[in-house]
Amino acid sequence: MQALMLAAGMGKRLGRYTKNATKCMVPVNGKTLIEYAIEALVKNGIKKMVIVVGYKADVLIDFIHSKFNKKNLNGMEIQFIENKVYDRTNNIYSLYMAREELCKDDTILLESDLIFKPEIITSLIKSKDPNLAVLSRFESWMDGTCALLDEKNNITEILDKARFNWFETKDYYKTVNIYKFSKEFSKNYYIPFLEAYQKAFGKNEYYEQALKVLSFLSSSSLKGLPVSGDDWYEIDDPADLAIATTRFAKGKDKLHLLQKTYGGYWRYPGLKDFCYLVNPYFPPQKMIDEIQASFKVLLTQYPSGANQMSLLAGKIFNIIPEHIAVGNGAAELISSLGKKVSGKVAVVYPTFNEYPERFTNCQIVPIDTSKNNFSYTAADILSTIKKQGADWLLLINPDNPSGNFLPKKEVLPLLKELKKIGTKVIFDESFIDFAESEERYTLLDENVLSEFDNLIVVKSISKSFGVPGFRLGVLATANADFITSIKKTNAIWNINSFAEYYLQIYEKYSKTYSAACDSIAEERERFSKALKAAKLGISVYPSQANYLLCKLDKKISAEKLAETLLVKYKIFIKDLSSKRGFESGQFIRLAVRDQNDNDLLLCALKEILKG
């Protein structure tokens, strides 16, 4: 068994990464793609590797010679074939240039822009099927040639982009661009087809096109070898490189890289996100179907401006339009607030870091709750403000990340006292809808806003209403001039058409939303009790939000637990060690998802902490 790599291409989409090097010399986590590939082949006992080079051929050859010698190649011979017209041809010609080598031995063919686990090569070699294409169940992040399989894994059709149909992807397998061909298949079928195809269509084509014709003529000549989407990644551009770097990182590095992405986790197959906070019970499928039914209209037409958004949000929350602004997520509104707020701002710590990081013109007055198990009352807040003479109070309720909750009977008197002394209040109620039904309330109320002209209410629709991808949040105050200034700070089209349509149709589903929030409250209670009953060395703090603050005993650190859950179980939790107030490294935050997901996390925690 030998290997053949096609590495003649220029890799233009990788920009600066291939300015002075080839595609396969791009590093992922400190090692180049060509190193990963050669090491995988050596590990599997391959004794000969042929590389078709072209762009920067001398650079690549010198690099390989500098990295590998007889000892670390374990006897594997590397041979080079140069495609001098690489800039005018495509991989079909590069493969054809190696036709004589293909006829000498069974061959593993692979492309140079792949990172993959060595076990793929192992599976190819062990398989009794002589001709195989490595395939992976199609996922939304994939692009390029796909295939169809029958019940015996015969490839019945290879689909190029012209034949691709998004409504049939449940049956598709993406070609990984790693193959195994017997020398008989290459000599009697594939090479003649490559030659004929080039005569008909030229040399600037792809070798998959010849395979497509072969699969059409005979579904039994080439079989598929399905592998997990976790086992490989194709790197065509810098975005691919960043994703591959995270996916193939190990241990602590993998955790830290994922923490820096702040979302986009659909690119990581099977990942369970217990870090970011969203409502798993809303929106309902009927609402999703309604939005999908209008997809083309929403995609191709401009959204309305800020004033129309205020009308829609005002209708949902029963606030007059002059008193409410809609943001591209609460994050945009927090950023806009940061430009308006000055003076001393009292902040309960630990807190949601977005606020203090945006309040750059302010003096932060911390209210430290770590000495009291992160619990505090309205009286505690008032005492600090009077002592420090704070101009503003930031109150997140329920608090993030502690879940501490101040009932309405405490908050309204606090607002009255603060109004008397001239302290303005930013009240973030992004998680308040998840409180138990008898405790649930809102300050998005015209009567409350009118009574307290010192009050600004912020609410993230993304979190509680289950649509983080739409990026929606609202800010309300009885000060119409302040709302106008916020709107002027933001772009006039800060909300896209999909988010606008969501606001437009929400009222029809408001009862379903209330029921969804009740479901969160019930599941939070069940999940909290299950964590405590498991006796895992985890202290669970009271919460009225859709997350639980937990303290670990000294047997394992928060970072190590987060790392183990991610690497071994593909579960992503929030390690709070970098937050002020959690410097001991023993605190985590667990999002409350649905029962199945929460039980999956519980099982993983039991295996780690009891095993």
Side-chain angles (χ1 to χ4, degrees), residues 28-29 114-120 122-123 134-144 146-147 149 153 166 169-178 224-235 239-281 285 288 466 468-469 523 527 546-547 559-575 588-608 611:
V28 177
N29 297 322
L114 294 170
I115 183 169
F116 57 90
K117 292 182 179 178
E119 289 76 14
I120 290 181
T122 307
S123 297
V134 178
L135 304 173
S136 187
R137 274 280 186 192
F138 183 83
E139 296 172 22
S140 58
W141 58 269
M142 296 176 180
D143 185 33
C146 292
L149 297 179
N153 282 344
W166 277 102
T169 55
K170 63 178 177 25
D171 299 320
Y172 287 1
Y173 288 83
K174 170 72 178 73
T175 54
V176 177
N177 295 330
I178 301 178
L225 176 69
V227 299
S228 168
D230 282 341
D231 293 348
W232 65 281
Y233 205 83
E234 183 178 8
I235 301 174
D240 288 339
L241 178 57
I243 295 165
T245 299
T246 301
R247 289 178 62 153
F248 280 83
K250 297 185 183 299
K252 206 177 290 187
D253 290 339
K254 188 180 187 75
L255 175 65
H256 293 168
L257 286 167
L258 198 66
Q259 288 168 340
K260 293 177 182 177
T261 64
Y262 303 107
Y265 299 136
W266 65 83
R267 298 185 181 97
Y268 305 93
L271 183 73
K272 293 287 185 185
D273 178 15
F274 281 84
C275 179
Y276 287 89
L277 309 168
V278 71
N279 189 340
Y281 298 102
Q285 187 59 48
I288 294 170
E523 177 55 22
F527 185 37
N546 64 332
Y547 48 84
E559 183 182 52
K560 186 61 181 178
L561 179 60
E563 175 193 332
T564 306
L565 283 169
L566 177 63
V567 173
K568 189 173 181 181
Y569 300 92
K570 299 178 73 173
I571 292 173
F572 183 39
I573 66 169
K574 180 70 171 178
D575 167 19
I588 58 173
R589 188 190 66 196
L590 304 177
V592 176
R593 293 169 61 101
D594 63 26
Q595 183 172 342
N596 288 337
D597 285 348
N598 293 334
D599 286 346
L600 185 72
L601 171 58
L602 185 60
C603 283
L605 289 171
K606 287 178 180 178
E607 287 184 17
I608 296 168

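Below, all heavy atoms of this structure are taken into account, side chains as well, without hydrogens, waters or symmetry copies.
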query = Taking side chain as C-beta onward, heavy atoms only, is Tyr547 less than 4.5 Å from Lys574?
reply = no
query = For Phe527 and Ala591, which heavy atoms make the closest approach, and how far apart are they?
reply = CE2-O, 4.3 Å
inquiry  = Tell me the closest heavy-atom pair linking Arg593 and Asn598, and the distance in Å.
reply    = O-ND2, 2.7 Å
Value rounded to 0.5 Å, distance of CZ in Arg137 from CG in Leu149 = 8.0 Å
ask   = Which distance, rounded to the nearest 0.5 Å, do you find between the OH of Tyr268 and the CG of Asp273?
value = 12.0 Å
query = Taking C-beta and beyond as the side chain, do Leu565 and Leu605 meet within less than 4.5 Å on heavy atoms?
reply = yes
inquiry  = Set out, in order, the CA-CA distance, both residues' side-chain angles and the distance that settles side chain to side chain contact (heavy atoms under 4.5 Å, CB included) for Leu600 and Tyr569, then state yes or no.
reply    = CA-CA 9 Å; Leu600 185 72; Tyr569 300 92; over 6 Å; no
Heavy-atom closest pair, residues Leu257 and Ala249 = CD1-CB, 3.7 Å
task = With sequence neighbours left out, write down each residue that passes side-chain hydrogen bond (donor to acceptor under 3.5 Å, both in side chains) with Tyr281, or none if nothing qualifies.
result = none
inquiry  = Just verifying a value: how many Å separate Phe274 CZ and Ile573 CD1, rounded to the nearest 0.5 Å?
reply    = 10.0 Å
query = Any side-chain heavy-atom pair from Phe138 and Trp166 closer than 4.5 angstrom?
reply = yes
query = Are the side chains of Val227 and Ser123 in touch, meaning some heavy atoms are under 4.5 Å apart?
reply = no
request  = Check whether any side-chain heavy atom of Leu135 lies under 4.5 Å from a side-chain heavy atom of Asn153, and answer yes or no.
outcome  = no
key: Over all atoms of both residues, closest heavy-atom pair of Leu255 and Glu559   = CD2-O, 3.7 Å
ask   = How long is the gap from OH on Tyr233 to OG1 on Thr246, to the nearest 0.5 Å?
value = 10.0 Å
query = To the nearest 0.5 Å, how far apart are OG1 in Thr122 and NZ in Lys117?
reply = 12.5 Å
Under the ring pair (Phe, Tyr, Trp, His ring centres under 6.0 Å) test, residues paired with Tyr173 that sit two or more places apart = none
key: Note, Thr261 side chain near Ile243 side chain (heavy atom, < 4.5 Å)   = no
ask   = Does the side chain of Ser136 pick up a donor-acceptor pair with the side chain of Trp232 at under 3.5 Å?
value = yes
ask   = Does the side chain to side chain contact (heavy atoms under 4.5 Å, CB included) test come out yes or no for Phe116 and Val176, once each step is laid out?
value = CA-CA 9 Å; Phe116 57 90; Val176 177; 5.8 Å; no
query = Just by distance, do the side chain of Asn546 and the backbone of Val592 share a donor-acceptor pair under 3.5 Å?
reply = no
query = So, does Lys250 use its side chain to make a donor-acceptor pair with the main chain of Val567 at under 3.5 Å?
reply = no
ask   = What are the two closest heavy atoms between Asp240 and Ile235, and how far apart are they?
value = CB-CA, 3.7 Å
remark   = Heavy-atom closest pair (Asp594 atom, Pro280 atom, distance to 0.1 Å) is N-CG, 4.0 Å
Parallel, tilted or perpendicular, as decided by the 30° and 60° cut-offs, for the rings of Tyr276 and Phe572 = tilted
query = For atom NZ of Lys560, is the number of surrounding heavy atoms from other residues, nucleotides or ligands below 6.0 Å larger than 12?
reply = no
request  = Check for a donor-acceptor pair, side chain of Lys254 on one end and backbone N or O of Arg247 on the other, with a separation under 3.5 Å.
outcome  = yes
query = What residues form a ring pair (Phe, Tyr, Trp, His ring centres under 6.0 Å) with Phe248, not counting sequence neighbours?
reply = none
Heavy-atom side-chain contact between Leu566 and Leu271 under 4.5 Å = yes
message = Please evaluate residues Asn29 and Asp253 with respect to the criterion side chain to side chain contact (heavy atoms under 4.5 Å, CB included), reporting the C-alpha separation (whole Å), side-chain torsions for both, the decisive distance (0.1 Å), and the verdict.
response = CA-CA 9 Å; Asn29 297 322; Asp253 290 339; 5.9 Å; no
message = Between Leu258 and Cys275, is there a side-chain heavy-atom distance shorter than 4.5 Å?
response = no
